[in-house]
Protein chains: 2
Amino acid sequence: MASTRPKPRKLSSAKLRSAAFRRVRADHQSELAQDYVELIADLIDERGEARGTDVALRLGVANATVVKALKRLQDQGLVSQEPYRAIFLTGDGWKLAEDGRRRHKIVERFLLALGVSAETARIDSEGIEHHVSRETLAAMAKFLTRN
Amino acid sequence: MASTRPKPRKLSSAKLRSAAFRRVRADHQSELAQDYVELIADLIDERGEARGTDVALRLGVANATVVKALKRLQDQGLVSQEPYRAIFLTGDGWKLAEDGRRRHKIVERFLLALGVSAETARIDSEGIEHHVSRETLAAMAKFLTRN
DNA sequence: GCATGATTTTAGCCATGGCTAAAAAAGATT
DNA sequence: AATCTTTTTTAGCCATGGCTAAAATCATGC
């Protein structure tokens with residue numbers, strides 16, 4: 001990898017560029033987990049408990065899908081649940097949920113401040129929140145205070 | 001679904017909420033295709049041709065992964081390619097690529113205008129561009145002209 | 001024009017995130 | 001307490017998007 005270098009042509013920035021795509025793929029990995037814990041936290045706050053069925057309903061997904069996903073989240077130490085019972089968040093789960101809520105709130109309020117409708121802000125923020133870096137989030141927050 | 005309504009409690013907005021998640025999942029479906037065609041278009045413009053290997057390099061992904069993805073894109077009528085040869089975009093492929101570029105450019109310039117670094121704008125825009133609705137994109141464009 | 005080295009594709013593995021249909025558990029009703 | 005209904009889980013399917021290792025093809029030097 002040092003001496004030959006057969007076809008450099010002009011692809012020198014390739015590695016640099018690939019970083020963005022790698023980040024997007026990594027974000028997608030954590031996205032589902034974050035959506036779940038955020039939703040579970042909301043349900044617990046709103047109704048006192050979170051049941052798998054409610055999660056499925058809000059996510060717009062089949063019940064079985066949620067059961068499977070919850071198993072993975074349990075393996076990751078984010079939630080705890082016994083069969084046929086309500087879902088609980090672990091310490092890590094709450095931390096992730098809080099982080100997601102904070103980020104979500106900023107993005108949604110930012111979109112509103114930018115002038116889009118409430119409906120669009122709600123929908124777009126759901127997709128955008130997972131791809132906003134710390135720096136961009138800070139810039140959005142700053143924009144909010146200035147307006 | 002009309003007469004009984006057994007447990008409404010206060011989950012009436014569930015269907016509404018689920019729409020956002022459905023949209024995010026749908027966006028993820030088209031995301032890969034869009035990234036590929038956009039990248040292929042760039043390679044064709046920059047270097048005259050796009051080879052699978054270059055795509056793999058820029059995406060930061062194994063060669064075999066690209067080969068497999070290109071087959072799917074071919075089935076979707078976005079690219080055309082013969083084994084061991086360069087990749088071409090179909091009419092639909094070009095349309096999708098142009099749309100992606102336009103959207104990408106607006107999002108990236110918007111982030112810059114918001115005050116984030118060039119590096120961050122480049123990286124974040126890659127993830128955000130696929131989750132920005134027509135309305136939000138328009139709001140970003142408007143913000144750009146005002147500034 | 002043929003052997004050898006480089007590149008590209010194929011084969012086959014894995015995890016994820018969907019689904020439906022069947023089984024199991026919980027909860028009501030009598 | 002036994003049955004019947006509803007809810008939840010399990011089982012098993014599918015497509016996607018990754019990977020590595022092996023096979024096939026291409027291209028070069030001789």
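It should be emphasised that the depicted structure is a prediction, and the values quoted were computed from it without experimental measurement. A, B, ... follow the sequence lines: proteins, then strands. Residue 1 opens every chain.
- Contact annotation: Lys68(A) does not reach the phosphate of dT9(D) (side-chain N/O to OP1 or OP2, under 4.0 Å).
- Gln81(A) comes within 4.0 angstrom of the backbone, heavy atoms only, and of no base.
- Here the side chain of Tyr84(A) is nearest to one of dT25(D), dT8(D), dT20(D), namely dT8(D).
- Donor-acceptor pairing under 3.5 Å is recorded for the side chains of Glu38(A) and His104(A).
- In this structure, His131(B) and His131(A) have parallel ring planes: the angle between them is below the 30° cut-off, well short of the 60° mark.
- Atom CG in Leu70(B) sits roughly 15 Å away from atom C1' in dT7(C) (whole-Å rounding).
- The distance between atom CZ of Arg51(B) and atom P of dA6(C), rounded to the nearest whole Å, is 17 Å.
- The nucleotide whose nearest atom lies closest to any side-chain atom of Ala64(A) is, among dG18(C), dT9(D), dT20(C), dT20(C).
- Atom CG in Leu59(A) sits about 11 Å away from atom P in dG17(C), given to the nearest Å.
- Each of Pro83(A) and Val61(A) has a nearest nucleotide on DNA chain C; the 5'-most of these lies closest to Val61(A).
- When distances run from any side-chain atom of Thr53(A) to the nucleotides dT8(C), dG17(C), dT8(D), the shortest one goes to dT8(D).
- Between Glu119(A) and Arg122(A), at least one side-chain N (NZ, or NE/NH1/NH2) sits under 4.0 Å from a carboxylate O, which counts as a salt bridge.
- For Arg85(A) and Arg25(A), each mapped to the nucleotide of DNA chain D holding its nearest heavy atom, the one lying further toward the 5' end belongs to Arg85(A).
- Using a 4.0 Å cut-off between a side-chain N of Lys or Arg and a carboxylate O of Asp or Glu, Arg51(B) and Glu49(B) qualify as a salt bridge.
- For the residue pair Leu32(B) and Ala69(B), the shortest heavy atom distance occurs at CD2-CB, 4.3 Å.
- Following rounding to the nearest Å, Gln29(B) (CD) and dT16(C) (C1') show an atom-to-atom distance of 13 Å.
- Atom CZ of Arg72(A) and atom C1' of dT16(C) are 5 Å apart (whole Å).
- Heavy atoms of Glu31(A) sit nowhere under 4.0 angstrom from any nucleic acid atom.
- Whole-Å rounding puts the Asn63(A) CG to dT6(D) C1' distance at 12 Å.
- Of the candidates dT9(C), dC19(C), dT10(D), dT10(D) carries the atom nearest the Val67(A) side chain, counting heavy atoms from C-beta on.
- Following rounding to the nearest Å, Leu32(A) (CG) and dA15(C) (C1') show an atom-to-atom distance of 13 Å.
- Contact annotation: Thr65(B) side-chain N/O to dC19(D) OP1/OP2 distance is under 4.0 Å.
- At whole-Å resolution of the value, CD in Glu82(A) and P in dT8(D) are 16 Å apart.
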